[in-house]
Amino acid sequence: MADLPDSADIIIIGGGVIGLATACHLGWRGAENVLLLERHQLTSGTSWHAAGIIGPLRATMNLTRLSTYAIEAFEPLERDTGHSTGYRQTGGFWLTSSDDRMTELKRIADLGLLAGLDARIMDPDQIRQRLPMLETADLTGGMWVEQDGQANPVDVCMAYAKAARSHGVTIAENSPIATVHTKAGAVHSVELADGRTIRCRAVVNCAGAWARELGERSSVAIPLQAVEHM
């Protein structure tokens with residue numbers, strides 16, 4: 001395991017895209033004494049095999065604003081680090097063969113327009129004009145989102161890591177966590193699998209598919225459940 005400090009103001013658990021983005025943004029905001037702990041290597045959880053689909057439009061306005069910001073962050077991230085994220089705006093189709101889902105897509109498209117995005121409902125003929133190779137006979141329709149795109153997940157993570165380090169964040173790989181200790185209702189320290197303890201004032205659980213398990217070890221209910229991808 002890596003050489004680690006005895007204490008930190010903020011400890012981030014998890015070296016995937018969420019943990020690294022959190023570390024980067026804390027660094028950008030001037031936070032000091034921030035430590036990120038990853039149990040294996042950076043991106044070795046679910047981030048390394050993600051599809052890299054970047055879509056700003058979500059089912060609610062708050063999630064749409066958050067996802068839109070994620071795209072806006074790529075430019076300053078690349079400028080800050082000189083590291084490409086692989087991001088390209090390609091546009092994207094949301095397709096359906098269900099009338100109920102089509103009703104939902106119309107609602108989401110209206111939300112996208114309110115958020116300033118270019119979201120258009122299309123019938124099967126319009127979709128086929130855009131994608132002649134696609135079989136559309138069984139489609140009810142779909143939605144085109146101009147701002148949809150794709151990035152390289154590992155490149156995004158490495159850019160976040162580089163930016164975080166350049167702004168003073170310490171990143172330690174091969175540092176699995178056993179539990180988070182509390183005292184008087186507040187976070188007190190993090191105990192590593194080898195028994196070492198690091199005092200801290202705050203912990204950010206970015207363990208992804210393992211976030212619920214980590215929370216259970218500290219008697220904290222995390223409302224997430226990992227399931228097999230279809």
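Only heavy atoms go into these numbers, but all of them, side chains included; no hydrogens, no water, no symmetry mates. In this text, all values refer to a predicted model and were calculated from it rather than measured experimentally.
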State which residues pass ring pair (Phe, Tyr, Trp, His ring centres under 6.0 Å) with His25; sequence neighbours excluded, sorted by chain then number. Trp28, Tyr69

Name of the residue among Ile12, Leu36, Leu35 meeting side chain to side chain contact (heavy atoms under 4.5 Å, CB included) with Ile171: Leu36

When you look at Asp148 and Ile53, which way does the side chain to side chain contact (heavy atoms under 4.5 Å, CB included) test go after all the steps? CA-CA 8 Å; Asp148 277 357; Ile53 297 171; 6.0 Å; no

Heavy-atom closest contact (Ser47 atom, Cys157 atom, distance): CB-SG, 4.1 Å

Are the side chain of Ser175 and the backbone of Glu173 linked by a donor-acceptor contact shorter than 3.5 Å? yes

So, for Asn205 and Gly215, which heavy atoms are closest and what is the spacing to 0.1 Å? ND2-N, 4.1 Å

Are His181 and Glu191 close enough that a side-chain donor and a side-chain acceptor fall under 3.5 Å? yes

Nearest 0.5 angstrom please: Glu75 CD to Asp80 CG, how far? 12.0 Å

Kindly compute the distance separating CD1 (Ile11) from CZ (Arg201), expressed to the nearest 0.5 Å. 11.5 Å

Would you say that Tyr160 contacts Thr85 through its side chain, given a criterion of any heavy-atom pair below 4.5 Å between the two side chains? no

Are Thr96 and Leu105 close enough that some pair of their side-chain heavy atoms sits under 4.5 Å apart? yes

Neighbour count above 12 (heavy atom, 6.0 Å) for Asp138 CG: yes

Quick one: closest heavy-atom pair of Ala178 and Arg217, and the distance? O-CD, 2.8 Å

Whether the side chain of Arg58 engages the backbone of Gly55 through a donor-acceptor N/O pair (distance < 3.5 Å, no angle test) should be reported. yes

For Glu104 and Asp100: C-alpha separation, side-chain torsions, deciding distance, then whether side chain to side chain contact (heavy atoms under 4.5 Å, CB included) applies. CA-CA 6 Å; Glu104 174 71 358; Asp100 289 342; over 6 Å; no

Can you confirm whether more than 12 heavy atoms, excluding those of Arg107, are under 6.0 Å from its CZ atom? yes

With sequence neighbours left out, write down each residue that passes side chain to side chain donor-acceptor pair (under 3.5 Å) with Gln89, or none if nothing qualifies. none

Look only at the side chain of Glu32 and the backbone of Gly27, and say whether a donor-acceptor pair between them is shorter than 3.5 Å. no

Here the gap from His167 atom NE2 to Leu26 atom CG, rounded to the nearest 0.5 Å, amounts to 12.0 Å

What side chain to side chain donor-acceptor pair (under 3.5 Å) pairs are there with at least one residue in residues 111-137, not counting sequence neighbours? Asp118-Arg120, Asp125-Arg128, Arg128-Thr136

Residue pair Ser218, Thr179: steps toward the side chain to side chain donor-acceptor pair (under 3.5 Å) verdict: CA-CA 6 Å; Ser218 309; Thr179 191; 3.3 Å; yes

Note, Glu78 side chain near His83 side chain (heavy atom, < 4.5 Å): no

How many angstroms lie between atom CD of Glu213 and atom CG of Leu224, to the nearest 0.5 angstrom? 13.0 Å

Note, Ile127 side chain near Leu134 side chain (heavy atom, < 4.5 Å): yes

ILVMFWY cluster, Met133 and Phe93 together (side-chain gap under 4.5 Å): yes

I'd like to know if Tyr87 and Ile18 are part of one continuous hydrophobic network [Ile/Leu/Val/Met/Phe/Trp/Tyr, side-chain heavy atoms within less than 4.5 Å]. yes

Flag side-chain contact, heavy atom, 4.5 Å: Val190 against Cys200: yes

Distance (rounded to the nearest 0.5 Å) between Asp110 CG and Leu114 CG: 7.0 Å

Does Val203 reach the side chain of Ile13, with side-chain heavy atoms less than 4.5 Å apart? yes

Do Thr140 and Ser97 have side-chain N/O donor and acceptor atoms under 3.5 Å apart? no

For Asn174, the option from Glu38, His40, Gln41 that meets side chain to side chain donor-acceptor pair (under 3.5 Å): Gln41

Full working for side chain to side chain contact (heavy atoms under 4.5 Å, CB included) between Ile222 and Leu214: CA-CA 9 Å; Ile222 306 294; Leu214 177 61; over 6 Å; no

Would you call Met158 and Leu42 a side-chain contact if the rule is heavy atoms closer than 4.5 Å? yes

According to a 4.5 Å side-chain heavy-atom criterion applied to Ile, Leu, Val, Met, Phe, Trp and Tyr, with indirect links allowed, do Leu111 and Val145 form part of one hydrophobic cluster? yes

Quick check: closest heavy atoms across Ile71 and Gln147, and the distance to 0.1 Å? CD1-O, 4.1 Å

Leu20, Ile10: one ILVMFWY side-chain cluster at the under-4.5 Å cut-off? yes

Just so I know, are the side chains of Met143 and Ile108 near enough to count as touching, which here means a heavy-atom distance under 4.5 Å? yes

Ser67 and Pro56: which non-hydrogen atoms are nearest, and at how many Å? CB-O, 3.4 Å

Enter the distance from Ile198:CD1 to Ser189:OG here, rounded to the nearest 0.5 Å. 9.5 Å

hydrophobic_cluster_shared for Leu113 and Leu57, side chain cutoff 4.5 Å: no

Over all heavy atoms of both residues, which pair between Ser84 and Asp155 is shortest? Give the atoms and the distance, please. O-CB, 3.3 Å

Please confirm whether Arg101 makes a cation-pi placement over Trp94, using NZ or CZ under 6.0 Å from the six-membered ring centre and within 45° of the ring normal. no

Under the criterion side chain to side chain contact (heavy atoms under 4.5 Å, CB included), I'd like the reasoning laid out for Thr197 against Leu192: C-alpha separation, chi angles, the key distance, then a yes or no. CA-CA 6 Å; Thr197 299; Leu192 278 71; over 6 Å; no

For Lys183 and His188, indicate whether the former's side chain and the latter's backbone hold a donor-acceptor pair under 3.5 Å. no

